[in-house]
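For reference, the structure is listed below as C-alpha cells.
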Amino acid sequence: MGRLSDLPNIGKVMEKRLVKAGINDAEALRQAGSKEAFIKLRLLEGDTCFNSLCALEGAIQGIRWHYLDCETKAELKRFFDLFQ
C-alpha cells in the first residue's frame, strides 16, 4: 500500500478528497480505476472536473496527466461528457 500523495498528480488536497470518497491508498485507486474514482468524487462533491479525471488516470499510469495519450484523453472526455 502506497500513499496516494506519492503518485503523480495527487497532492494533499486530492488525497484528502479521495480518502473522503473511500479510496485510502494507491492500491485502492489502482483497483478502482480512474472512472470509478471519478464517479465516487462526483457523487460526493457534485462538481468534479475533467482535469481531476485526467489526474486520476495519470496517477494510475504513473505519469503527469499532461502526458496522457490523445486516445486516452478522448476516451476520458467521452466518459466525462456522460455526466454533463
Side-chain angles (χ1 to χ4, degrees):
M1 289 191 291
R3 292 185 330 183
L4 287 162
S5 60
D6 288 342
L7 298 171
N9 314 310
I10 308 294
K12 293 294 182 189
V13 173
M14 176 63 96
E15 183 176 47
K16 285 181 184 177
R17 292 168 61 200
L18 288 166
V19 169
K20 243 180 166 178
I23 298 173
N24 298 311
D25 56 49
E27 186 56 32
L29 177 59
R30 289 185 188 100
Q31 286 181 353
S34 61
K35 293 175 183 172
E36 183 178 323
F38 172 82
I39 290 169
K40 288 182 175 189
L41 288 173
R42 188 78 178 216
L43 290 173
L44 189 67
E45 301 170 338
D47 63 348
T48 308
C49 68
F50 177 65
N51 287 348
S52 293
L53 176 59
C54 291
L56 293 167
E57 180 61 31
I60 290 168
Q61 291 189 24
I63 60 173
R64 293 282 299 157
W65 71 270
H66 306 90
Y67 300 120
L68 291 171
D69 62 59
C70 293
E71 186 176 316
T72 299
K73 285 181 183 175
E75 180 194 342
L76 293 173
K77 181 67 174 146
R78 285 190 296 273
F79 176 79
F80 178 79
D81 286 345
L82 295 173
F83 295 88
Q84 298 306 303

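Computed from a prediction, not measured in an experiment: that's the story for all the values here.
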Indicate the atoms forming the closest heavy-atom contact of [X] with [Y], along with that distance.
X: Ala26; Y: Leu4; answer: N-CD2, 3.8 Å
X: Leu68; Y: Thr72; answer: CD2-CG2, 4.3 Å
X: Gly62; Y: Pro8; answer: C-CG, 3.5 Å

From [X] [atom1] over to [Y] [atom2], what is the distance, rounded to the nearest 0.5 angstrom?
X: Lys73; Y: His66; atom1: NZ; atom2: NE2; result: 7.5 Å
X: Lys40; Y: Arg17; atom1: NZ; atom2: CZ; result: 15.0 Å
X: Asn9; Y: Trp65; atom1: CG; atom2: CH2; result: 8.5 Å
X: Cys54; Y: Gln61; atom1: SG; atom2: CD; result: 10.5 Å

Query raised in the report: What do the steps show when you test Leu41 against Met14 for side chain to side chain contact (heavy atoms under 4.5 Å, CB included), and what is the final call?
Result: CA-CA 10 Å; Leu41 288 173; Met14 176 63 96; 4.1 Å; yes

**Report entry** Criterion side-chain contact (heavy atoms from CB on, under 4.5 Å) against Leu18, the qualifying member of Leu56, Asn24, Leu7
**Finding:**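 The residue from Leu56, Asn24, Leu7 that satisfies side-chain contact (heavy atoms from CB on, under 4.5 Å) with Leu18 turns out to be Leu56.
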
Query raised in the report: Honestly curious: do Ile39 and Val19 fall in one hydrophobic cluster under the side-chain, below-4.5 Å linking rule?
Result: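 Same hydrophobic cluster.
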
Query raised in the report: Is Ile23 reachable from Leu44 through a run of hydrophobic residues whose side-chain heavy atoms are each under 4.5 Å from the next?
Result: no

Report task. Mark yes when over 12 heavy atoms from residues, nucleotides or ligands other than Lys16 sit less than 6.0 Å from its NZ; otherwise mark no. Result ->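 Counting other residues, nucleotides and ligands, NZ of Lys16 stays at 12 neighbours or fewer.
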
Query raised in the report: Going by an N to O cut-off under 4.0 Å, is there a salt bridge joining Arg78 and Glu75?
Result: no

Query - With Phe50, the ring pair (Phe, Tyr, Trp, His ring centres under 6.0 Å) member among Phe83, Phe80, Phe38 - result: Phe80

**Report entry** Pair Leu29-Ile60, side chain to side chain contact (heavy atoms under 4.5 Å, CB included): steps then yes or no
**Finding:** CA-CA 7 Å; Leu29 177 59; Ile60 290 168; 3.9 Å; yes

